[in-house]
Amino acid sequence: MVALLCLASGAAALLPASASAAPEPDGKRVGDHGYTAQIRRTEYGIPHVLAHDYGGLGYGYGYAFAQDNLCQLADQVVTLRGERSRYLGPTETTADGTPNLASDTYHQGLRQAGTVRRLLDRPAPLGPTPELRRMVEGYAAGYNRYLRDTGTAHLPDPTCKGKPWVGPIDAMDIWNLVYDVNGASGATALKQAIVTATPLTGAGGKSAAKPLRAAEAARGASRRDDLGSNGWALGRDVTRGRDGMLLANPHLAWIGGDRFYQVQLTIPGVIDVAGASIYGTPVVEIGHTRTLAWTHTTSYTDHASLYRLALAPGDPTSYLVDGKAVPMTRRTVPVTVRGADGKVSTVSSTLYTSRYGPVLAEGWTRTEAYALRDANADNLRSMNEWLAIGRAGSVAQLKQAHQTYQGIPWTYTIATDTTGTAYFNDSSAVPHVADDRLKRCALAGGGGGEDLPGVLDGSTAACEWGSDPDAVVPGIFGPGHQPRLTRTDYVANSNNDSTLTNPAEPLAGYPRMYRAGVPLGPRAQLGLQMIAGRRDGSDGLGAPGFSLPTLQASMLGDRNYTAELGRDDAVAMCRAHPVLTATDGTEVDVRAACDVLAAWDTRDDPGSRGAVLWKAFRTRVGGPHAWWRVPYDPAQPLTTPRGLNSDEPQVRRVLADAVRKLAADKVPLDAPMGSVQRWAGIPLPGCSGGEGCFNVVNASPTSGSGGATRPSSPDDYASGSSFIMATELTAQGPRTRTILTYGQSANPESPHYTDQTVLFSHKRWVTERFTEAEIASDPRLRTISLRG
């Protein structure tokens, strides 16, 4: 290998000796003026990017990512530029199902408003740090270099090969992507409601719609069992080595831009971090350094508020604040559209904005409307914070990053370090609505009597968000109000609220906006049960205490908690009533179903027989009153509810319905889980969080068959466990095992499209190579030197 001898004067000394001695079997060199980096690929295509400055680090990362996923990022860029209708037509949809025209109108409106540009003009900590700016510029340049080297017509991914919408990107494209990710729990989730909002005109009427659906959407993905995460930080009191251990298990979509990419980023003596990034972001968001490991789970907290606007009499585009009429701001947004005949035209839409934020289509009548205020509307700080965490060596330094930038948009943080300290914090951007203001300003929803804390009275300035003196921007709670917990045994979260982060020390006393006291779901209950079983050794995995192997085994045990609580009752029910009546009155013989459930081990392994039947049964049962014999008891949050209420007629009907549905779909009652849940034909373990699976996976028999950039049909979609990381922070350095469940590449022609899916199917892990010696010892090592 040719060493990086052309580094700027003095910088070459930063490179470890093993870097200059590492082999470069392919001998490939490429360059771009002003940037220098090296990409070393180990097993499963995992890149280790080495550079002497932040610009070079971004350059190497952008180049490596483009090698694997240029089409996916190109698709995101054409979306964020608001140009999908121009190239792909207005009626196709984005990966999240938004029609192209609506998506384009939203993103063109942001560009017209100059929102991201204004945020970039701020100095750090509100705007990007100089190091981060250079990294983003380098990332875009590295992507562009790969595109120039390869050429659009020769791209290896058929998804975008030769397509006119593929071209160079710039730093603004990356910043727009970051802003879009930060808004996932607010405005980004409501694009269509924002762009289709229209006032009533003329004599026609329009019924007042309840804002419930919009309120739920504004709370983002945290309300879905399967788009969230599990995270454990294990301290010295529960680990055999008396050190810190971490389990990261984010659950996100397997198709589109929410996928993770695994990478190691190194500037010798400055930063050395390994883990995973959301596609298109140039920093590690979940990972570890030599002495610190951290992960995130989707916060249960609201990160946006809906304001109900009392409209001015006779003017549906003005609203009253303290009795005075305030006109909405209007912005006309033109979008270039290509018709089915190939002709190009312009379609213009008007967007309406209030003092609180954009006005939504849902609920806009002659007397009222609803507007969204998003706590992340001014947030580009997140990348500053993750870059700082990537340089941190302890929980204390991670806390300092939180306090300095306050940029984590919508997740909890779970972390540990070599001292065996376990730490939890909800440092996400949360609207500052103090309890007294919430009590005074929260409105009942749409005449139905529901209490919707996310809907506030917009007719008085007294219901505006407040602020804290320790908050870096107005309108959010500062660190002094945030739920946090430091322990030497563990902290854990599975998208439940903060209260039972560790049941031995329940969190209390923080503002109601953090949504305390919500009952644990079955996935969260199972996670805490698994930790308890490992502490005392009752889980069957050997002597008490966590080791790296037992942490891995716990993660992929594929227990189904609702089955553990209710399967035996279901079997007793169908033994006692071998013929049940379905919802439509049909009598159904359930004896065979009873035999299948009785033989099932209550696991959701790919070969488990009975899991498919249980899924069909469990997902059709009604609310808790119908399902559980013992209802939820706040005094017993870990063990209630429980027991199948087999005396409830609805439960009996649903088992009959499930048997009939599987027969209609030509799915055998004893079909193995892996026959109906696959990615590109590979059997998958796991089940939904609502069923009580810790290892959440949702897929169809044909998921992944059409690539991972955009689903060609609803059946292509899959979600759940994505980047799984188990790490132990020993005195000798980190020991880490990982699985990127869908592989490094969204290109269906790539060898890294499903190579790790095969591992996941067989419960096998990748042994991470972190040190220079570990990287250099890989017999499959491939190196590219990027130099100017």
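Everything numeric here is computed off the predicted structure, so don't read it as measured data.
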Going by atom types only, do [X] and [Y] share a side-chain donor-acceptor pair under 3.5 Å?
X    : Y    : result
R678 : S705 : no
Y405 : R381 : no
Q677 : N698 : no
Y261 : N69  : no
N747 : S745 : no
Y61  : S277 : yes
R41  : Q744 : no

What is the distance from atom [atom1] of [X] to atom [atom2] of [Y], rounded to the nearest 0.5 Å?
X    : Y    : atom1 : atom2 : value
Q38  : H52  : CD    : NE2   : 13.0 Å
T94  : L88  : OG1   : CG    : 11.0 Å
T281 : D180 : OG1   : CG    : 12.0 Å
N695 : L684 : CG    : CG    : 9.5 Å
E774 : T42  : CD    : OG1   : 10.0 Å
N144 : D170 : CG    : CG    : 8.0 Å

State whether the side chain of T741 and the backbone N or O of S722 hold a donor-acceptor pair below 3.5 Å, judged by distance alone.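 Yes.
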Under a 3.5 Å distance rule, please check whether S85 uses its side chain to pair with a backbone N or O of V337 as donor and acceptor. no
Classify the ring geometry between Y35 and Y59 as parallel (under 30°), tilted (30 to 60°) or perpendicular (over 60°). parallel
Would Y146 and F65 count as a close aromatic pair, with their ring centres under 6.0 Å? no
Exceeds 12 heavy-atom contacts within 6.0 angstrom, atom CZ of R117: no
Is K163 atom NZ crowded by more than 12 heavy atoms from other residues, nucleotides or ligands, each under 6.0 Å away?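 No, the 6.0 Å shell around NZ holds no more than 12 heavy atoms from other groups.
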Would you call D778 and R40 a salt bridge, taking side-chain N to carboxylate O under 4.0 Å as the test? no
From the options W410, W386, F260, select the one residue that forms a ring-ring contact (aromatic ring centres under 6.0 Å, His included) with H296.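 Going through W410, W386, F260 one by one, the ring-ring contact (aromatic ring centres under 6.0 Å, His included) with H296 is satisfied by W386 alone.
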Tell me, do M135 and M383 make a side-chain contact under 4.5 Å, heavy atoms counted? no
Sole residue of D173, D104, D75 in salt bridge (charged side-chain N to carboxylate O under 4.0 Å, His left out) with R81: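 Considering D173, D104, D75, a salt bridge (charged side-chain N to carboxylate O under 4.0 Å, His left out) with R81 is found only for D173.
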